[in-house]
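Structure record follows, encoded as structure tokens.
The basis for the numbers below is simple: all heavy atoms, side chains too, and nothing from hydrogens, waters or symmetry mates.
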Amino acid sequence: MEQAQIRIAVQSPADGSGREWMIANGLAGYASGTLAGGASRRHDGLLVAALPRFGRTILLDRLDETVRLADGSRFALFADAAVEFRLEAGLPVWRFERGGLVLERRVVMPYRQNTTFVHYRLLAGGGPVTLDLRPWMHFRGNDGQADQPLHMPAVVHADGGRFEVTQGPYPPLRLAVQGAAWSLALDGGRTDEAFYPVEAEREYVAKGPLWSPGVLTVEVGEAGAALVASAEPWPTALALTADQALASEAERRRRLVAQAHPACRDGVAALLVVAADAFLFDPRGRFDLVARANAVGDDVRSVIAGYPWFNDWGRDTMISLEGLTLVTGRPDDAKWILRTFASYERDGLIPNNIPDGGTDGVYHAADASLWFFHALNRYVTATGDRDTLRVILPTLRRILDKHRAGTRFGIGMDPADGLLKQGIEGYMLTWMDSDTPRRGKAVEINALWYNALALMAGWLGEEGDVAAAAQARADAERARDSFNARFWNPATGHLFDLVDGEGGDDPVCRCNQILAVSLPHAVLAPERWAAVVEVVRSRLLTPYGLRSLDPAAADYRPNFAGGMSMRDFAYHRGTVWGWLIGPFLDAWLKLHPGDKAGGRAFLAGFEAHMSEFCVGTVAEVFDAAAPHSPRGCTAQAWSVAEWLRAWAVTG
């Protein structure tokens, strides 16, 4: 059982690749930045705390780190001495060398704490060296624009060997030094030119203000020294030493790998088991939700869809659930996620997303509720937990009843053919939810609708409700017959992406059709599976997932780049989505059930990717055209989850 150890040479004077790192704390808080020690996005920070009411908040943006030698000479730690970055158990480690001096730097966040330790150790070079640390701050929401005004005046309160910084309405940032002699020189430094290069590329505001209380001077020797930055009360923030925090987190991650699917316990798959952990979080700041769950003996859990800016999204959570929890040997997390989202059901809908820092869901999604059936099925199949099925069954009944009668956003079953329609002006309700209107009857929505009805028919029958089971079965059969009559396009040899749309039936070749084959209850007639899988393989498959649109289509965009309007237009018009490798593999193995080696070959591109963008994890999207540069969120839940699941399935 050994995780792949990713090692990357860091260029001098600074790594120019733009590669990034990130770790998370199990509360949706995180730390992230560039391998070169900076912040390339407005979302980056060494402590981005998950705070009740405020949501994820940047408290410590970055550090300036300078070494002072005994002869009075100085050098910048990253710009002048960085030689290597590596991951150990998924945790970031830097190595610095200059004139016989060798230093190491590690960053760790204790599990379920809004605390970051930045740990330094002298590995070679004689006696202790002096390290000057300047912490830079701009207390703001992690998705807020970089040029928001600073909350001034900031208040610094010193108490012995620790101090607190307060800005505006936010809780204080607590800072302390462990393991070394230190001093603080207050000077109230400020810059208005902090630059975030990725924001410039994405045509957002790329410069903003930062404030610093002063310079911490720390003596670093072989025993090491650490800066502690925390939003926790002092007893929690200082409960662990840096060495204890590092050892505890390494051991926790070792256990995660040990309990995962046997095919995922070594190599790059083991590293992704650790990466999967970043997305599972305890939403303890949603006090009303927690109180209701605890009152009946339940717990709460959710999934961050992607770092650094997504919060928890219904469809992403349900698509990711199997890979993040069941493949990784964490069925209790799966149970609490399912029960948590069941408690959010309103008008037959599971939330599209839950805003950061809030407790109320936003419901404009036609597919999240249908993916909920799929996720529950994977959980019950893996665990045999009929109690959770019975707890959630009334929610499932309401979902089907509301869909049959019609619910919000124009979502409802068409009484004429039993297919599911959706759409209302101003909302894009399918997973292609960015400048991609698909009002009508979408192919993947109806594949999910049939799968949900078929699953429900089985569950209701097993629970003895014969009449309701018969209705679900009849609805499923009608939807299947209508689907095969309406969605097959003999002129193109594949499925329509949409029927009964505002412009009629849409014959464009998209990735969505693969779900008509891949789901456990496949709505498409088996004699047409091979044609659909081959079209998807030949036109849409890349080393990193499926293109969202056929390159031959008029609207095809080869690159996901530029400003927001350009990116939104390209988002689902060619851009490659890593999560779709999972459904493609499911469909492939239905046609080639003995060819696991062939299926595994489709995953070959992901290993190299894990060293090229955000090291040790998988990006949200990739350019449609070679070399398929990674884009979007640096770490995406369903990309990691479906790669892991596909690896286990083909193992």
In plain terms, say whether [X] and [Y] are close enough for a salt bridge, that is, a side-chain N and a carboxylate O under 4.0 Å apart.
X: D356; Y: R56; answer: yes
X: D387; Y: R390; answer: yes
X: E477; Y: R480; answer: no
X: D481; Y: R478; answer: no

### Task
Quickly, which of V303, L338, L280, D332 forms a side-chain contact (heavy atoms from CB on, under 4.5 Å) with T325? Name it, please.
L280
### Query
Is there a side chain to side chain donor-acceptor pair (under 3.5 Å) between T381 and R378 once you walk through the steps?
CA-CA 5 Å; T381 300; R378 307 316 288 165; 4.9 Å; no
### Message
Treating Q513 as the side-chain partner and L495 as the backbone partner, does any N or O pair qualify as donor plus acceptor under 3.5 Å?
### Response
yes
### Task
Say whether, by atom type as modelled, one donor and one acceptor occur between the side chain of N489 and the main chain of F496 under 3.5 angstrom.
no
For [X] against [Y], the heavy-atom pair lying closest together:
X: L498; Y: R439; value: CD2-O, 3.5 Å
X: A452; Y: L370; value: CB-CD2, 4.3 Å
X: P283; Y: L289; value: CG-CD2, 4.5 Å
X: A231; Y: L51; value: CB-CD2, 4.0 Å
X: A553; Y: V508; value: CB-CG2, 4.0 Å
X: S548; Y: M432; value: O-CE, 3.7 Å

Residues in side-chain hydrogen bond (donor to acceptor under 3.5 Å, both in side chains) with [X], at least two apart?
X: D500; answer: K441, R486
X: T430; answer: R438
X: Y571; answer: E620
X: W431; answer: N512

### Task
Start with the C-alpha gap between W638 and L324, add the side-chain angles, then the distance that decides, and say whether side chain to side chain contact (heavy atoms under 4.5 Å, CB included) holds.
CA-CA 8 Å; W638 58 10; L324 295 184; over 6 Å; no
Can you measure from [atom1] ([X]) to [atom2] ([Y]) and round to the nearest 0.5 angstrom?
X: E199; Y: Q145; atom1: CD; atom2: CD; answer: 7.5 Å
X: Y544; Y: F622; atom1: OH; atom2: CZ; answer: 7.0 Å
X: C511; Y: L546; atom1: SG; atom2: CG; answer: 6.0 Å

### Query
Which pairs, with at least one residue in residues 507-517 and sequence neighbours excluded, count as a salt bridge (charged side-chain N to carboxylate O under 4.0 Å, His left out)?
D497-R510
### Task
Walk me through it: do L419 and F487 pass the test side chain to side chain contact (heavy atoms under 4.5 Å, CB included)?
CA-CA 11 Å; L419 295 173; F487 276 92; 4.1 Å; yes
### Task
Can you sort out the partners of S369 under side-chain contact (heavy atoms from CB on, under 4.5 Å), two or more places apart, ordered by chain and number?
L349, I350, I399, H403
### Residues which pass side-chain contact (heavy atoms from CB on, under 4.5 Å) with D299, listed by chain and number, not counting sequence neighbours
R301, W336
Kindly state each residue pair satisfying ring pair (Phe, Tyr, Trp, His ring centres under 6.0 Å) with at least one member in [range], sequence neighbours excluded.
range: residues 292-334; value: Y30-Y307, H43-W309, F279-Y307, F310-W313
range: residues 378-400; value: none
range: residues 340-371; value: H364-Y427, W371-H374

### Donor-acceptor side-chain pairing of R339 and T388 below 3.5 angstrom
yes
### Query
Have S482 and D417 got a donor and an acceptor in their side chains that come within less than 3.5 Å?
no
### Query
Quick one: are V273 and Q259 in side-chain contact, heavy atoms under 4.5 Å?
no
### Message
Once salt bridge (Lys or Arg N to Asp or Glu O under 4.0 Å) is applied, do any residues pair with R112, and if so which ones, sequence neighbours excluded?
### Response
none
### Query
Checking side chain to side chain contact (heavy atoms under 4.5 Å, CB included) for the pair T617/T634: CA distance, chi angles, key distance, verdict?
CA-CA 8 Å; T617 189; T634 56; 5.7 Å; no
Listed pairs under 3.5 Å, donor-acceptor, residues 515-526 side chains, sequence neighbours left out:
unit_1: S518; atom_1: OG; unit_2: I514; atom_2: O; d: 3.3

### Message
Using the rule given for side chain to side chain contact (heavy atoms under 4.5 Å, CB included), can you reason through D143 versus R42, listing the C-alpha separation, both sets of side-chain angles and the distance that settles it, and then say yes or no?
### Response
CA-CA 7 Å; D143 201 30; R42 69 181 191 267; 3.0 Å; yes
